[in-house]
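Naming convention: chains lettered A, B, ... in sequence-line order (proteins, then strands); numbering from 1 in each chain.
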Amino acid sequence: MEKAYNHLNSEADIYKAWEESGAMRADETSNKPPFTIPLPPPNVTGELHLGHAAMLAIQDILTRYKKMQGHEVLWLPGTDHAAIATENVVIKHHGKQSREEWPSREDFMVDAKAFADEKHDNIVNQMKRMGSWLDWSREAYTFDEPRNFAVNRIFKDLYQDGLIERGYRLINWSVGAQSVLSDDELEWDEVKEPFFYIKCGKFIMGTVRPETKCANSPLIVHPDEDYVEFENSAGENFIVIKRLYDDKEKFFKTLNFLDADADYKVLKTTKGSDLVGEKFSAETYAGMRDFYVIADTVIDPEKGSGAMTISASHSADDYNLAKRWEKSPLSKGDLGGFMPPKDWFIQKIDFAGNMTEVAGPVAGFSVKKARNVSGKLLEEKGLLVGKDINYEHRVPLCYRSSCVVEPMISPQWFIMVEKEYTHALDGKTTLKRQMQAAVRGFENEDPAVQIIPERFNKEYFRWIDNLQDWCISRQIWWGHRIPVWYDEQQNIHLAEEQEIIFARHGESVGNRDSKVQGVDDPLTDKGRAHAQEMIEVLKSENVGVIVTGTSARNTETADIIANGLGVKVVHIEELSSYDTKDVAGMSIDDIGRVAAIKYCKENGKGEDFDVFVERLRIGLEKLKAVRSKGKIVFVTNRSIYSVLQVLRDGGDTSDIFEKRSKNSHLPHGVIDRWPIFQAPDLPNLRQDEDTLDTWFSSALWPFSTLGWPNNEAPDLQKFYNNAVNGQGTDVLETGWDILFFWVARMIMFGRYATNKFPFHTVYLHGMVTDEHGKKMSKSKGNGINPIDMIEEYGADPVRLALVIGSTPGQKIPIGPNKIKGYRNFVNKMWNATRFVGLQSADSETGAYERSVPTQPSADNLSLTDQWILSRLSTVCAEVKSSLEAYDISTAGDKIYHFVWGEFCDWYLEAAKVEPNIDVLRYVLAEILKLTHPLCPFITQQCWQELFSDSLIIEESFPSLSLENPEAVKQFTTVQNIVGAIRTLRAEKNLNPKDKIAAGIKTDEAHLKSASDLVKALANLSDLEVAAQAITPEHSATTIVDNLEIFVDIPFDADAEAARIEKLKTELSQKIAGLKGRLSNPSYTEKAPPKLVAETQAQLEQAESELQKLS
RNA sequence: GCGCGCAUAGCUCAGUUGGUUAGAGCGUCACAUUGACAUUGUGAAGGUCCGUGGUUCGAAUCCACGUGCGCGCACCA
């Protein structure tokens, strides 16, 4: 073994060995209890950052631990298509400004897909470098076909339940991204902008957005406040809220056009409610407009002038107010004919971020420019009566493009979270209620979902309780396109479970039974003639491709036809057994499905089936790639009547799939591997242009990856059915920043679609920061790339640094120093292994035999052996209970200190004096198993070096019952004695190399038997352990655990006396304190008796020790 | 404005239902260095547990108020 552990020599090979072992694949047929973690899929085009690394470390630890505990563990990997983020990156990657620069949407999608595919391996390989025990055989992608299938299915279900609606709503429009954003995608920025006071008739209203004050509007006052109408020296009349008029300082500061020295005449004072109904026309910067006074308590009487107008089309608050008033009888429907309701919702800004025609002089200007110009116009017209340039407020920005977000009214798709529907399990309910019940619990039931740390429950409820309909449509291209088609009348058509008919021509070309008999006959003359006939028949058709299996006869037939027509042949062996008549009229995907079903019926399910399906899929992909070239002609033989008959006669494919799914021999994934929702092949239908919010597909992740919507899928049955409370998966571990984006929505869709909440525990890790707790950012330059750290120090240290010393929900401070510290630990473990190897090696040859150690016999165990075995038992139990409680930090800390501070510092040192190789090997083996979940690489490497080539993860997690409290107590005394002698030696500045003599005054057998050990550890020349140990002439004295210890040390008599005096003082103080406590009757009466007894014992010991010193 | 969280050694943080002398890592200081361990060992120093008051036999821990920092939300026209 090398002197130092080199992770670069180990990690790649070890991971490869794990992958090749096949052990990473979870077995859905296993009888073991399942344990499932869905991996939060990182952005497929992204780079691994420390947040990912923390997530991977925590989940891997749980996964490995549960596997060693005997669970059938599935940690399911995948990547996310990250709609908006990826679309922006693709545009930038091609050096373009917008997606419109591509010739077509399809072209853009091709480029985007190529980009995502190219980037995919990068992030996957980075995930592997963390040592992640992921089941790559089940890797999924949020934008692959099975996930698209699931997305389309739930969309259809939700739509049919009335929970998805399309409608005009006020949405957040990102002018830069040209797309709607959800409320959660906004980033708020604090800005200072001028606040304008504008004259509106006699009223004065305030706004930061003067450019929007260009249209007819209701003018809102507070109903319960008094308003003062006054006249200035120029004879102009104004109305402001009385509070403002009375507060002269504020009054003149606000309305800074007024002269504080001038006299103002109050004409009248009116209550706000009495102003209601007043109609007037007034000058705006854009010309004369109509206003109508209404009263509403949204007016804050402490702020501004006490009046405002609204832009219902461009402000969420105004929109809500207008919506409320639209229905209110007070508005008299259309404000008495004066102001039609449509005037409430005038569009002043268009989707490019420019002013519309209503803005008159600034029409066509950008909002920013219009704000400046309208301000100037107001000033010119004398309408600007005040301006506060120090006004601060928050504006929404697009979280991706950091550009301005304008509230706009636009047609979008929504999920109705408060609409009642009937759920199979929960009866009449709403999505919101179901989300609440997940964490709060249904009536008389415990909550199904537990959030760690618990305080996030509050955050969750605050969000859910205020939840509004979820806008799911996005005006981008990279994403799941909304599976809805419109006809010319704008009626909505949902996709049906049927596909385009394209293969409609074919003829049998041979003896269909030959293959059944195992004979692959050459093509007969008749067959050749038939093939020539086919050419003639097909000449008039637009044939694009010939498809055939691989039998000699079919291949020859296909070649003849293809040559005759000048088209290509595609070989798909898996389709060899079709009769062309039977596939005629079927879609490619249906053909695939039926082929798979048939294969399964004949050969059963197994690994071969997976291979078959995969090859079939590849063949069908080839077919799809060329189908646009023309019709497809199958050249095959042999039919599968039993299945196809149903298809032909019944015509209802869902029927046959129902039958299929009840057959337990049939495979998972057959239906799911191909989308069943396709555009209806009717020329006049037009698909919705929008795509779905990226979180829509993410929200299905825990079950769409396991075969849903096929509820019979074995993966779903095995792994979406956890052992704890029968909910979906077990743990969802992620950052708290996406609790709402993602976790809440998985809960929503999970309950809706699967009748289960998708996990029972939500573990929220904190944000990774630099070692000073500061957020990592590019601008600060304090970012750390986990891959660099893995390169330099290894994956194990990075994992330890991320999990030890951090608690859920709190930030995770990390820096190179912390990682370096754990690198040292990993190396320590390596060297401990090396030491054990050397100890067990043949002294002549240096060779040792590898074997997995078993528990050593209880005979002939020294005190040290008993102690380490006892401590090992205790630590294993502690680590286990910490991990069960998801307290990984404590588990790691316990291991760290046990391995370094106890096993290496004491047991290995003792082993140099009194070796017991069996115990040594056994304890090390158990330590490696114990540490494996946290440090998979070093433990595997050490395991291989000393014990076996097997995978250490296949071992059971250690659980021992060799506790021996008496041995622990006795050994602790040994440790204390050694420590005390070392301290004395250091205090006297003695060279640690120099051997000295010492004595311990005691008769206890275990100390006598440990005297060689003490001698070695404390580097003593001589040690006398006896009840009457002779005190050396020049000796320092100290007391340990009520034992007198003499150390023969050259010393200064005065200094020694002072030291003893100090010890005595400390003891006296302690005694006084203990006595004080014991003499307090309320303590002896009320404190637990055990505690009082302990205090008494301490007092006695301290008194005894003091006596010995005197 | 409302809400949540945090405040413990020079730094970053643990600290269970209140219970001996409040802990760890890093850093600092001293000594050692042919060793399983260049990545090591031994020892030491270092704390008004943010402040004030309260509950209690007993408070870092529970309560109230205050101070400072961080975060979230918000009908700020």
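No contact: A:R985 has no heavy atom under 4.0 Å from any strand. Among the heavy atoms of the strands lying under 4.0 Å from A:T309 are primed sugar atoms or P, OP1, OP2 only; no base atom is included. Across all strands shown, A:N827 has heavy atoms under 4.0 Å from base atoms, whether or not it also approaches the sugar-phosphate. As judged by a 4.0 angstrom heavy-atom cut-off over every strand, A:K818 is placed among residues making no nucleic acid contact. Here A:P1088 lies in heavy-atom contact (under 4.0 Å) with a base.
Using modelled atom types, one side-chain atom of A:H314 and one backbone atom of A:K348 make a donor-acceptor pair closer than 3.5 Å.
Checking B:C13, B:A36, B:A77 against every side-chain atom of A:V208, the shortest atom distance belongs to B:A77. Here the side chain of A:K828 is nearest to one of B:A77, B:G5, B:A36, namely B:A36.
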Provide a list of protein-nucleic acid N or O atom pairs under 3.5 angstrom, restricted to nucleotides 69-72 of chain B.
from	atom 1	to	atom 2	distance (Å)
B:G72	O2'	A:R462	NH2	3.1

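Proximity of A:L1063 to A:I1039: side-chain heavy atoms (C-beta onward) are nowhere separated by under 4.5 Å.
The gap from the P atom of B:G19 to that of B:C63 amounts to 15 Å, rounded to the nearest Å. On the P atoms, B:U61 is 15 Å away from B:U55, given to the nearest whole Å. The separation of B:G23 from B:U34, taken at their C1' atoms, amounts to 37 Å, rounded to a whole angstrom.
We find that A:R209 and A:E406 are joined by a salt bridge, their nearest charged nitrogen and carboxylate oxygen being less than 4.0 Å apart.
Put simply, CD1 on A:I349 and OG on A:S311 are 7.5 Å apart, with the number rounded to the nearest 0.5 Å.
A donor and an acceptor atom, one from each side chain of A:E914 and A:T864, are located under 3.5 Å apart.
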Worksheet entry | Dot-bracket line, read 5' to 3' along RNA chain B, where crossing pairs take [ ] and | marks a partner on another strand, Watson-Crick or G-U under 3.5 Å | (((((((..((((.....[...)))).(((((.......))))).....(((((..]....))))))))))))....
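OP1 or OP2 of B:G41 has at least one side-chain nitrogen or oxygen of A:W900 nearer than 4.0 Å.
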